[in-house]
Amino acid sequence: MPFLGQDWRSPGQSWVKTADGWKRFLDEKSGSFVSDLSSYCSKDVYNKENLFNSLNYDVAAKKRKKDILNSKTKTQYFHQEKWIYVHKGSTKERHGYCTLGEAFNRLDFSTAILDSRRFNYVVRLLELIAKSQLTSLSGIAQKNFMNILEKVVLKVLEDQQNIRLIRELLQTLYTSLCTLVQRVGKSVLVGNINMWVYRMETILHWQQQLSSIQITRPAFKGLTFTDLPVCLQLNIMQRLSDGRDLVSLGQAAPDLLVLSEDRLLWKRLCQYHFSERQIRKRLILSDKGQLDWKKMYFKLIRCYPRREQYGDTLQLCRHCHILSWKGTDHPCTANNPESCSVSLSPQDFINLFKF
């Protein structure tokens with residue numbers, strides 16, 4: 001290190017023995033050092049940016065794969081219990097609240113869809129949840145909802161029954177999800193948006209599968225519905241609770257078309273679903289001056305809800321507040337437990353958890 005006033009020479013450079021010369025030397029050296037340091041820092045920043053971008057890309061890719069994997073997972077996080085205690089407040093014995101999502105997780109809906117008496121009940125409950133209650137479910141409950149729905153679709157694809165019912169359910173769910181996904185950030189749909197978009201694509205795939213079902217005529221040769229006496233055919237048709245089923249049955253054969261237009265058949269159907277006051281408000285006369293009960297029925301179902309009919313329902317014990325399927329034994333302390341049980345429609349089940 002040269003001192004002030006000392007002659008300092010280097011290849012190609014000569015400095016005077018002054019303070020100004022030394023200062024100029026330090027400025028040049030520090031300038032080159034700063035330039036080298038800035039060059040090194042810029043390269044380091046560039047490398048870090050590349051590393052950060054690559055990490056972000058890897059994380060995003062892994063997250064998409066994880067979302068798809070989670071949506072495909074068939075594991076159900078519920079206990080499949082035969083009954084649950086519905087409590088709306090905290091007591092010394094019990095703490096907390098029972099929500100719709102908790103009840104949906106714990107009750108055995110997965111097995112209920114395999115029972116023909118409970119199938120329509122569960123499907124109607126899924127439809128009501130898809131319309132207005134999907135956002136009130138927890139993340140696990142929403143996942144279980146999709147898992148149970150998949151089981152319903154697979155069952156229908158296998159036995160080729162209740163096709164129209166499930167297509168209407170899928171259309172209702174898809175419409176609700178379209179609205180919720182467009183309002184992302186304002187709603188409480190739990191989970192990544194990629195997962196819900198994947199589920200919507202799955203719903204479209206299910207709809208295509210249901211639309212492509214080809215119902216083949218049974219190969220056996222025996223007694224068919226049209227071989228029965230006309231009085232028996234009418235007796236069976238009177239037990240159909242949906243007018244669309246009557247229309248579909250009339251399209252199967254010319255003879256059935258005549259029976260499906262029977263005025264008494266449509267009159268009983270209107271009287272079964274609607275009250276006399278509702279019917280009087282929607283009177284329609286035919287060209288012959290008679291009441292057109294078929295047109296009245298389809299007009300009434302657009303104005304009023306139809307009467308719901310299920311082979312088996314959930315029931316609530318008013319004594320011990322236990323929710324279970326009808327016919328399921330539960331630990332009740334009442335002298336006559338059957339007199340304390342009240343059947344719940346799917347809408348009553350949802351209203352039970354509106355605090």
Side-chain angles (χ1 to χ4, degrees), residues 76 78-86 100 103-131 133 144-170 172-173 206 210 213 215 218 225 232 235-246 248-249 268-269 272-273 301 305-318 320 322-332 336-353:
Q76 297 174 342
F78 49 71
H79 308 285
Q80 296 186 349
E81 298 177 5
K82 295 182 179 180
W83 57 267
I84 62 171
Y85 179 82
V86 180
L100 175 62
F104 189 79
N105 287 341
R106 294 175 60 188
L107 283 173
D108 192 4
F109 289 106
S110 183
T111 305
I113 62 176
L114 303 178
D115 191 335
S116 58
R117 300 171 301 168
R118 302 174 180 176
F119 181 84
N120 288 353
Y121 186 95
V122 177
V123 171
R124 177 57 178 166
L125 181 60
L126 294 176
E127 183 180 6
L128 291 176
I129 292 176
K131 282 183 178 180
Q133 300 297 322
N144 289 335
F145 178 90
M146 296 301 300
N147 288 336
I148 293 175
L149 179 61
E150 182 178 6
K151 286 191 174 183
V152 169
V153 173
L154 293 178
K155 181 179 184 301
V156 172
L157 290 174
E158 181 180 358
D159 56 25
Q160 297 185 346
Q161 297 180 8
N162 301 299
I163 298 175
R164 184 182 66 242
L165 187 67
I166 306 307
R167 289 178 63 182
E168 292 175 353
L169 168 60
L170 293 178
T172 300
L173 177 60
W206 288 340
L210 292 174
I213 289 180
I215 301 178
F225 182 76
L232 290 180
N235 193 314
I236 294 174
M237 295 172 73
Q238 288 174 1
R239 300 177 185 276
L240 297 177
S241 60
D242 194 335
R244 294 171 298 179
D245 293 333
L246 282 177
S248 299
L249 185 59
R268 290 181 176 178
L269 195 60
Y272 174 77
H273 286 287
I301 62 175
R306 291 178 298 175
R307 179 181 176 183
E308 297 181 357
Q309 180 182 13
Y310 305 103
D312 197 1
T313 63
L314 287 170
Q315 62 181 8
L316 178 68
C317 180
R318 292 175 295 181
C320 56
I322 285 181
L323 186 65
S324 63
W325 287 104
K326 186 181 296 184
T328 303
D329 295 331
H330 64 275
C332 185
N336 189 5
E338 295 181 357
S339 62
C340 302
S341 299
V342 179
S343 295
L344 300 178
S345 67
Q347 186 61 57
D348 294 335
F349 174 81
I350 292 177
N351 294 338
L352 190 64
F353 302 98

Exercise for the section: Please identify each residue that fulfils salt bridge (Lys or Arg N to Asp or Glu O under 4.0 Å) with R167, with sequence neighbours left out. Expected result: none
Exercise for the section: Could you list the residues that satisfy ring-ring contact (aromatic ring centres under 6.0 Å, His included) with F349, not counting sequence neighbours? Expected result: F353
Handout entry: Within-4.5 Å side-chain heavy-atom neighbours: I350 and L125
Key = yes
Fill in the blank from the handout: Closest heavy-atom pair, W325 versus D108, reported as atoms and distance to 0.1 Å, is NE1-O, 3.8 Å
Problem - Test log, rule side chain to side chain contact (heavy atoms under 4.5 Å, CB included), inputs M237 and F225 - result: CA-CA 11 Å; M237 295 172 73; F225 182 76; 4.1 Å; yes
Handout entry: N351 side chain near L344 side chain, heavy-atom distance below 4.5 Å
Key = no
Exercise for the section: Could you tell me whether R124 and E127 have a side-chain N and a carboxylate O separated by less than 4.0 Å? Expected result: yes
Handout entry: Contacts of type side chain to side chain contact (heavy atoms under 4.5 Å, CB included), residue I301, not counting sequence neighbours
Key = F274, Y297, F298, R306
Problem - With sequence neighbours excluded, residues passing ring-ring contact (aromatic ring centres under 6.0 Å, His included) with Y310 - result: Y121
Exercise for the section: Using atom types as modelled and distance alone, determine if a side-chain donor or acceptor of H273 lies under 3.5 Å from a backbone N or O of D242. Expected result: no
Problem - Spacing of T172 atom OG1 and K131 atom NZ [to the nearest 0.5 Å] - result: 5.5 Å
Problem - Check: F104 and I129 side chains under 4.5 Å, non-hydrogen atoms - result: yes
Exercise for the section: Could you list the residues that satisfy side chain to side chain contact (heavy atoms under 4.5 Å, CB included) with Q315, not counting sequence neighbours? Expected result: S324, K326, S341
Handout entry: Beyond-backbone contact of D115 with V122, side-chain heavy atoms, under 4.5 angstrom
Key = no
Problem - L173 vs F145 side-chain heavy atoms within contact, under 4.5 Å - result: yes
Exercise for the section: Could you grab the distance from atom CD of Q133 to atom CG of L128, nearest 0.5 Å is fine? Expected result: 8.5 Å
Handout entry: Close side-chain approach of F119 to V156, heavy-atom, < 4.5 Å
Key = yes
Handout entry: Any donor-acceptor pair under 3.5 Å from S339 side chain to N336 backbone
Key = yes
Exercise for the section: Give, for atom NZ of K151 and atom CD1 of I148, the distance between the pair rounded to the nearest 0.5 Å. Expected result: 7.5 Å
Handout entry: V123 and N162, any side-chain heavy atoms less than 4.5 Å apart
Key = no
Exercise for the section: Report yes if some heavy atom in the side chain of L210 is under 4.5 Å from a heavy atom in the side chain of L157; otherwise report no. Expected result: yes
Practice task
To the nearest 0.5 Å, tell me how far L170 CG sits from L165 CG.
Solution key: 10.0 Å
Exercise for the section: Give, for atom SG of C317 and atom CG of L323, the distance between the pair rounded to the nearest 0.5 Å. Expected result: 10.5 Å
Practice task
Under the side chain to side chain contact (heavy atoms under 4.5 Å, CB included) rule, collect the residues that match up with S345, sequence neighbours excluded.
Solution key: E308, Q347, D348
Handout entry: Atom pair CE (M146) and CG (L126), whose distance is rounded to the nearest 0.5 Å
Key = 10.5 Å
Practice task
Begin with the C-alpha distance, continue with both residues' side-chain angles, and end with the deciding distance and a verdict on side chain to side chain contact (heavy atoms under 4.5 Å, CB included) for S116 and Q161.
Solution key: CA-CA 11 Å; S116 58; Q161 297 180 8; over 6 Å; no
